[in-house]
Asker: 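There's a structure below that I have some questions on.
All of these numbers come straight from a predicted model, not from anything done at the bench.
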Amino acid sequence: MINAEQSVLMIVDVQGKLAQVMQQSSMLHQKLTVLIQGAQLFDIPIIWLEQLPDKLDHTSEELAQILSKTTQPIAKQHFSGWHCDEVKQQLNTLNRRNVILAGIETHVCVYQTCQDLQANNFQVHVVNDAVSSRELENKTLGVQMMLNDGAKLTNVESLLFELQHVAQGERFKALLKLIK
C-alpha cells in the first residue's frame, strides 16, 4: 500500500510540441493536472523533469503554472532522469522510497527512468492514465516493460483514493472537487 509520507511524484518531460502530439494529449494534460494538484494536496514532493528544454521547449504552460507553485524544473540530457545529479540529490534528501511516475514518452524516458529507479531500490508506481507516447502501441509496450521489471500500475483516481484511505475530512472534500 502506498502512503504520502514515503512518496514522491516525478513528472517526466511533458514539453513543447511533443506534448501536444501524444496520444490523447488533452486527456493526458487533464489527468496530469489532477495528479499534480492531488500530490500537492497530500504534501507529496514533486520532482519535475525537462529533457533538453533549450531544444525541446519547456513544460506545457498549464502544467508549469501548477508545478511552479511548489517546485522548479530540472533540465536533463539523458533519457533517464536518474542520470541527473540533481534528481539523485533530491531523492536522497527526501529519503522516500516510493516514486509515483508520470509523463512522456512511456517507452523511452518514463521507461528508462523507471528501470534506473528500480535498480536503485525505489518502488515505482506508474500512473497509467498520466503517461503517454505518440503511438498507442509504444505506450502499451512501455507500460508492459515496466510491469515486467516489477513496477506497480495505478491510475490517477485509484492512487489518490489509496493515499486518502478514508472517506471523510477536509482533504477528502478537496479531493472530491479535484476529480469531478
Asker: So how far is it from Glu50 CD to Lys76 NZ, rounded to the nearest 0.5 Å?
Answerer: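 Nearest 0.5 Å value for the CD-NZ distance: 10.0 Å.
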Asker: Could I get the full list of ring-ring contact (aromatic ring centres under 6.0 Å, His included) partners for His83, not counting sequence neighbours?
Answerer: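 For His83, the residues satisfying ring-ring contact (aromatic ring centres under 6.0 Å, His included) (neighbours in sequence not counted) are His78.
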Asker: Is any side-chain heavy atom of Pro45 closer than 4.5 Å to one of Gln90?
Answerer: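 Of all side-chain heavy-atom pairs linking Pro45 with Gln90, none is under 4.5 Å.
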Asker: Compute whether any side-chain donor of one residue and acceptor of the other, for Asp116 and Gln112, lie under 3.5 angstrom apart.
Answerer: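 Checked: Asp116/Gln112 side chains show no N/O donor-acceptor pair below 3.5 Å.
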Asker: Under 4.5 Å between any side-chain heavy atoms of Arg134 and Gln23, yes or no?
Answerer: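 The answer is no; the side chains never approach within 4.5 Å.
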Asker: Scan side-chain atoms only and decide if Thr113 and Trp82 contain a donor-acceptor pair under the 3.5 Å cut-off.
Answerer: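 Absent: no donor and acceptor within the cut-off.
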Asker: Quick check: closest heavy atoms across Asn121 and Arg97, and the distance to 0.1 Å?
Answerer: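 Here Asn121 and Arg97 meet closest at O-NH2, 3.0 Å.
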Asker: When clusters are formed by joining ILVMFWY residues with side-chain heavy atoms under 4.5 Å apart, either directly or through shared neighbours, do Val99 and Leu35 land in the same one?
Answerer: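 Different clusters: Val99 never reaches Leu35 through Ile, Leu, Val, Met, Phe, Trp or Tyr contacts under 4.5 Å.
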Asker: Following the transitive rule for hydrophobic clusters with a side-chain heavy-atom cut-off under 4.5 Å over Ile, Leu, Val, Met, Phe, Trp and Tyr, establish whether Val124 and Leu163 coincide in one cluster.
Answerer: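 No, it is not one cluster - the side chains of Val124 and Leu163 are not joined through contacts under 4.5 Å.
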Asker: Is a side-chain N or O of Gln40 found less than 3.5 angstrom from the main chain of Ile66, in a donor-acceptor match?
Answerer: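 Confirmed, Gln40 side chain pairs with Ile66 backbone.
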Asker: Is any side-chain heavy atom of Leu117 closer than 4.5 Å to a side-chain heavy atom of Leu91?
Answerer: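 Heavy-atom side-chain distance check passes, below 4.5 Å.
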Asker: Between Met146 and Thr106, is the side-chain contact (heavy atoms from CB on, under 4.5 Å) condition met? List the steps.
Answerer: CA-CA 9 Å; Met146 289 184 278; Thr106 310; 3.7 Å; yes
Asker: Is there a donor-acceptor contact under 3.5 Å linking the side chains of His125 and Thr154?
Answerer: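 No, no side-chain donor-acceptor pair sits under 3.5 Å.
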Asker: Are the side chains of Leu52 and Gln77 in contact, using a 4.5 Å heavy-atom criterion?
Answerer: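 Contact flag for Gln77/Leu52 side chains = yes.
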Asker: Find out whether Asn3 and Met1 are in side-chain contact, i.e. whether some heavy atom of one side chain is under 4.5 Å from a heavy atom of the other.
Answerer: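 No; the side chains remain at least 4.5 Å from each other.
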Asker: Considering all heavy atoms of both residues, which atom of Ala151 and which atom of Val126 are nearest to each other, and what is their separation?
Answerer: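 Taking every non-hydrogen atom into account, CB-CG2, 4.0 Å.
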Asker: Calculate, to the nearest 0.5 Å, the distance between atoms CD1 and OG1 belonging to Ile36 and Thr71 respectively.
Answerer: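 Here the interatomic distance stands at 10.5 Å.
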Asker: Sequence neighbours excluded, which residues qualify as salt bridge (Lys or Arg N to Asp or Glu O under 4.0 Å) partners of Asp129?
Answerer: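 Once residues adjacent in sequence are excluded, the partners of Asp129 under the salt bridge (Lys or Arg N to Asp or Glu O under 4.0 Å) criterion are Lys31.
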Asker: Say whether Leu63 and Val8 are linked into one hydrophobic cluster, either directly or through other cluster members, by side-chain heavy-atom distances under 4.5 angstrom.
Answerer: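 Leu63 and Val8: separate clusters.
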Asker: Compare all side-chain heavy atoms of Gln72 with those of Leu67 and state whether any distance is below 4.5 angstrom.
Answerer: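 They are not in contact (no side-chain heavy atoms under 4.5 Å apart), so the answer is no.
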Asker: Would Val21 end up clustered with Leu32 when hydrophobic side chains under 4.5 Å apart are linked, directly or stepwise?
Answerer: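 In one cluster: yes.
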Asker: Under 6.0 Å from the CZ atom of Phe79, do we count more than 12 heavy atoms belonging to anything else shown?
Answerer: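 For Phe79, atom CZ is not crowded (no more than 12 foreign heavy atoms under 6.0 Å).
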Asker: Are any non-hydrogen side-chain atoms of Gln115 and Tyr111 less than 4.5 angstrom apart?
Answerer: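 Heavy-atom side-chain distance check passes, below 4.5 Å.
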Asker: Side-chain heavy atoms nearer than 4.5 Å, only ILVMFWY residues, links allowed to pass through others: does that put Val87 and Ile100 together?
Answerer: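 Cluster IDs for Val87 and Ile100 differ.
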